[in-house]
> 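My questions will all concern the structure given below.
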Amino acid sequence: MFISHEFTPHEDHSATFAAIRGELRDAEGTSFTALLKDLKPDFGAVRRDIALGYLGLLWSCASTVWFVHQGLLGMAAGVIFGAASIGFWIAYVQLFIHEGAHANLAKDRKTSDLVCDLFVGWMIGTSVRKYRKVHFEHHRAFGTTQDAENTYFRPLDLAFIVKALTGWRVVEVLAARSRLTAPKAKTASEGVSRDRLVLVGGIAAHLAILAALFLAGGPVGGPAATLAWVVGVGVVFPFLGALRQLLEHRSLEARGRVDYREVDHGAYTRMFGKGPFARLFGAAGFNRHLLHHWEPSVSYTCFDELEDVFERVGMGPAMDARRTTYGAAFRALYNRK
């Protein structure tokens, strides 16, 4: 049970958990921090989950190549199916850069950063060092006009979908993040070479994949196969990433006419369950993102145990108030005035 604090359904402590953390005890009086001491990351599970994303990408590419060899209808199906599946699996793998930002991909931070850059960051040409700056600002300024990860500022409507699908939302995000990732005078050389290496390596890897798909697709199907990768990376992946973040953090009390770049939105985070779709669309623990905002240092591989700890110290009602599904959240938020 918790001490000297009452919760309401509208108070999930996404941004203020640290203020009550020291008060929490279970029924036997054991402190919350003591209950966390046995929660250790399962790095084998991390490797397995990242490998699943790569297997999904290989399957998507192989399926695309098969489709484009089936004639004109097959080429059309290859582009549509390939782009959708490639974009989905890239969105899945990219969620692990978040674990990398918290150094939860390996036993030590240096190794975790290397793993993240080699197996995750290259896909978007962003080192974990650069992403960490943006993400830690998200934790610091969550729910305020200064939040760097602010897709949830926009209402979920047709305009949002069009912006996300055309890449305009990506431009907005990059512009908002540029002030955080630009090197400062005293630290301009720190990590810059690694950042550039990840960027250049990522471009080279994408070009190699495009060449492989073109050759595998043959003189007729090659262009369709490469188009599937381009659309998957450039359209489907950004759309899914933007939609996921909005569904996580957009409050039901938010209003479409309000500009949350000028007015604080407020911190709000949902829990989406543990079904197959939720685990894939919300990989790396994003399907239970509220737990992360309460205790950012704990690996997603410990979320089952962490959820039990939160139940023991009385946070169950707060979690229950935020439980939903991705479909239900979409329906509740779409065109909400």
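Every heavy atom of this structure was used, including side-chain atoms; hydrogens, water molecules and symmetry mates were not.
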> Any donor and acceptor pair, going by atom type alone, linking the side chain of N287 with main-chain N or O of G273 inside 3.5 Å?
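Yes, the answer is positive, given that a donor and an acceptor are paired below the 3.5 Å cut-off.
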> Please examine the side chains of F160 and P155, heavy atoms only from C-beta on, and report whether any two atoms are closer than 4.5 Å.
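In short, these two side chains do not touch, never coming nearer than 4.5 Å.
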> Rounded to the nearest 0.5 Å, how far does CG of L118 lie from CH2 of W122?
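CG of L118 is found 11.0 Å from CH2 of W122.
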> Are F142 and W294 close enough that their ring centers fall under 6.0 Å?
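Distance test on ring centres: not under 6.0 Å, no.
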> Determine whether S14 and L290 make a side-chain contact, defined as any pair of heavy atoms from C-beta on separated by less than 4.5 Å.
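When only atoms from C-beta onward are counted, L290 and S14 do touch, with a gap below 4.5 Å.
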> Quick check on the hydrophobic clustering: are V68 and L72 connected, directly or via other members, by side-chain heavy-atom contacts under 4.5 Å?
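Yes, V68 connects to L72 through the hydrophobic network.
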> Using the test salt bridge (Lys or Arg N to Asp or Glu O under 4.0 Å), find all partners of E295 that sit at least two apart in sequence or belong to another chain.
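Partners of E295 under the salt bridge (Lys or Arg N to Asp or Glu O under 4.0 Å) test: R21.
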> Are the side chain of R270 and the backbone N or O of R323 linked by a donor-acceptor pair below 3.5 Å?
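Answer holds: no.
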> Which atom names give the shortest non-hydrogen contact between V313 and F32, and what distance separates them?
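Smallest interatomic distance, heavy atoms only, reads CG2-CD1, 4.2 Å.
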> If you define the side chain from C-beta out and look only at heavy atoms, does anything of V79 sit under 4.5 Å from M75?
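V79 does not reach M75 side chain to side chain.
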> What's the spacing between T301 OG1 and E99 CD if we round to 0.5 Å?
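If I round to the nearest 0.5 Å, the distance is 7.0 Å.
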> Taking salt bridge (charged side-chain N to carboxylate O under 4.0 Å, His left out) as the criterion, tell me which of R255, R257, R261 meets it with D259.
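Testing D259 for a salt bridge (charged side-chain N to carboxylate O under 4.0 Å, His left out) against R255, R257, R261 leaves exactly one candidate, R261.
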> Please report the interatomic distance OG(S193) to CG(D195), rounded to the nearest 0.5 Å.
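Between S193 OG and D195 CG, I get 7.5 Å after rounding to 0.5 Å.
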> Taking all atoms of both residues into account, what is the closest heavy-atom pair of Y326 and A278, and its distance?
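Y326 and A278 have their closest heavy atoms at CE1-CA, 3.8 Å.
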> Under 3.5 Å, side chain of Q245 to main-chain N/O of T151, donor-acceptor pair present?
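Yes, the answer is positive, given that a donor and an acceptor are paired below the 3.5 Å cut-off.
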> Can you check whether F81's main-chain N or O pairs, donor with acceptor, with S85's side chain at less than 3.5 Å?
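Indeed, once roles are kept as given, a pair shorter than 3.5 Å links the two residues.
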> Would you check if the distance from the ring center of H98 to the ring center of H292 is below 6.0 Å?
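Yes; H292 has its ring centre under 6.0 Å from that of H98.
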> Is the distance between the ring centroids of F136 and H102 under 6.0 Å?
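Between H102 and F136, the centre distance is under 6.0 Å.
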> Is the Lys NZ or Arg CZ of R322 less than 6.0 Å from the centre of Y268's six-membered ring, within 45° of the axis?
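Yes, R322 and Y268 form such a contact.
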> Check the pair I124, Y131 against side-chain contact (heavy atoms from CB on, under 4.5 Å), reporting the backbone distance first and the verdict last.
CA-CA 11 Å; I124 56 171; Y131 174 75; over 6 Å; no
> Of all heavy-atom pairs between D49 and Y300, which one has the smallest distance, and what is that distance?
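Reported closest heavy-atom pair: OD2-OH, 2.7 Å.
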> Please assess L24 against F17 for the test side-chain contact (heavy atoms from CB on, under 4.5 Å), listing each intermediate value before the final yes or no.
CA-CA 10 Å; L24 301 178; F17 182 75; 3.6 Å; yes
> Give the cluster check for L58 versus F237: same hydrophobic cluster or not, with ILVMFWY residues linked at side-chain heavy-atom distances below 4.5 Å.
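Each belongs to a different hydrophobic cluster.
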> Honestly curious: do L252 and L156 fall in one hydrophobic cluster under the side-chain, below-4.5 Å linking rule?
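Same cluster: L252 reaches L156 through Ile, Leu, Val, Met, Phe, Trp or Tyr contacts under 4.5 Å.
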> I'd like to know whether the aromatic ring centres of H13 and H293 sit less than 6.0 Å apart in this structure.
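That pair fails the under 6.0 Å test.
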> Using the side-chain contact (heavy atoms from CB on, under 4.5 Å) rule, take D308 and L35 through it: C-alpha gap first, then chi angles, then the decisive distance, then the call.
CA-CA 10 Å; D308 290 340; L35 294 170; over 6 Å; no
> Would you mind checking if K110 and D113 are paired as a salt bridge, meaning a charged N to carboxylate O distance below 4.0 Å?
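Looking at D113 and K110, the cut-off is not met.
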> Side chains of Y92 and L57: closer than 4.5 Å at any heavy-atom pair?
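A side-chain contact under 4.5 Å is absent here.
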> If you apply the rule salt bridge (charged side-chain N to carboxylate O under 4.0 Å, His left out), what do you find for R244 with E248, and how did you get there?
CA-CA 6 Å; R244 176 195 51 74; E248 286 164 4; 2.6 Å; yes
> Is Y334 close to L158 at the side-chain level, that is, under 4.5 Å between some pair of heavy atoms?
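In contact.
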> Testing the basics here: between G78 and F67, what is the closest heavy-atom pair and its distance to 0.1 Å?
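Closest approach of G78 to F67: CA-CB, 3.5 Å.
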> Hey, are the side chains of T325 and F330 touching, using non-hydrogen atoms and a 4.5 Å cut-off?
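Heavy-atom side-chain distance check fails, nothing below 4.5 Å.
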> Are a donor atom and an acceptor atom from the side chains of S127 and D117 found within less than 3.5 Å of each other?
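Distance-only check fails for S127 and D117.
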> Can you establish whether the number of heavy atoms outside F239 located under 6.0 Å from its atom CZ is more than 12?
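Buried by this count: over 12 neighbours within 6.0 Å.
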> I need the L213 CG to I86 CD1 distance, nearest 0.5 Å.
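Result: 6.5 Å between the selected atoms.
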> Short question: side chain of R129, backbone of T126 - any donor-acceptor pair under 3.5 Å?
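Not at all, since once roles are kept as given, no pair shorter than 3.5 Å links the two residues.
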> Got T64 and W229 here, is their nearest side-chain heavy-atom distance under 4.5 Å?
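No. Closest side-chain heavy atoms not under 4.5 Å.
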> Say you draw a straight line from CG of D157 to NZ of K163; how long is it, rounded to the nearest 0.5 Å?
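D157 atom CG to K163 atom NZ measures 9.0 Å (nearest 0.5 Å).
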> Let's go through D304 and R288 carefully: what are the C-alpha distance in whole Å and the side-chain angles of both, what is the deciding distance for salt bridge (charged side-chain N to carboxylate O under 4.0 Å, His left out) to 0.1 Å, and is it a yes or a no?
CA-CA 10 Å; D304 286 341; R288 290 181 280 177; 3.0 Å; yes
> Is a side-chain donor or acceptor of D147 paired with a backbone partner of N150 at a separation under 3.5 angstrom?
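It does not hold such a pair.
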> Evaluate the side-chain proximity of I90 to V236: yes if any heavy-atom separation is below 4.5 Å, no if none is.
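No; the side chains remain at least 4.5 Å from each other.
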> To the nearest 0.5 Å, what is the distance between CE (M123) and NE2 (H206)?
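The CE atom of M123 sits 7.5 Å away from the NE2 atom of H206.
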> Which pair of non-hydrogen atoms, one from F96 and one from L105, has the smallest distance, and what is that distance?
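Nearest heavy atoms, F96 then L105: O-CD1, 3.9 Å.
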> Looking at every non-hydrogen atom in both residues, tell me the closest pair between Y260 and T145 and how far apart they are.
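Scanning both residues completely, I find the closest heavy atoms to be O-CG2, 3.6 Å.
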> Walk me through it: do M271 and E307 pass the test side-chain contact (heavy atoms from CB on, under 4.5 Å)?
CA-CA 11 Å; M271 300 264 288; E307 190 169 341; 4.1 Å; yes
> Determine, using the 4.5 Å side-chain heavy-atom cutoff (strictly less than), whether F277 and F303 are members of one ILVMFWY cluster.
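Both belong to a single hydrophobic cluster.
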> Any donor-acceptor pair under 3.5 Å linking the side chain of S63 with the backbone of S60?
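Such a contact is absent between S63 side chain and S60 backbone.
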> Under a 4.5 Å side-chain heavy-atom rule over Ile, Leu, Val, Met, Phe, Trp and Tyr, are L210 and V200 clustered together?
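No, because L210 and V200 fall into different hydrophobic clusters, even though each may have its own neighbours under 4.5 Å.
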> Would you mind telling me which of H138, H139, R132 makes a side chain to side chain donor-acceptor pair (under 3.5 Å) with H135?
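Among the candidates, only H139 passes.
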> Check the surroundings of atom CG in L73: do more than 12 heavy atoms from other residues, nucleotides or ligands lie under 6.0 Å from it?
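Count not over threshold, so no.
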> Quick one: does D42's side chain have a donor or acceptor within less than 3.5 Å of a partner on A45's backbone?
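Side chain of D42 to backbone of A45: a pair is present.
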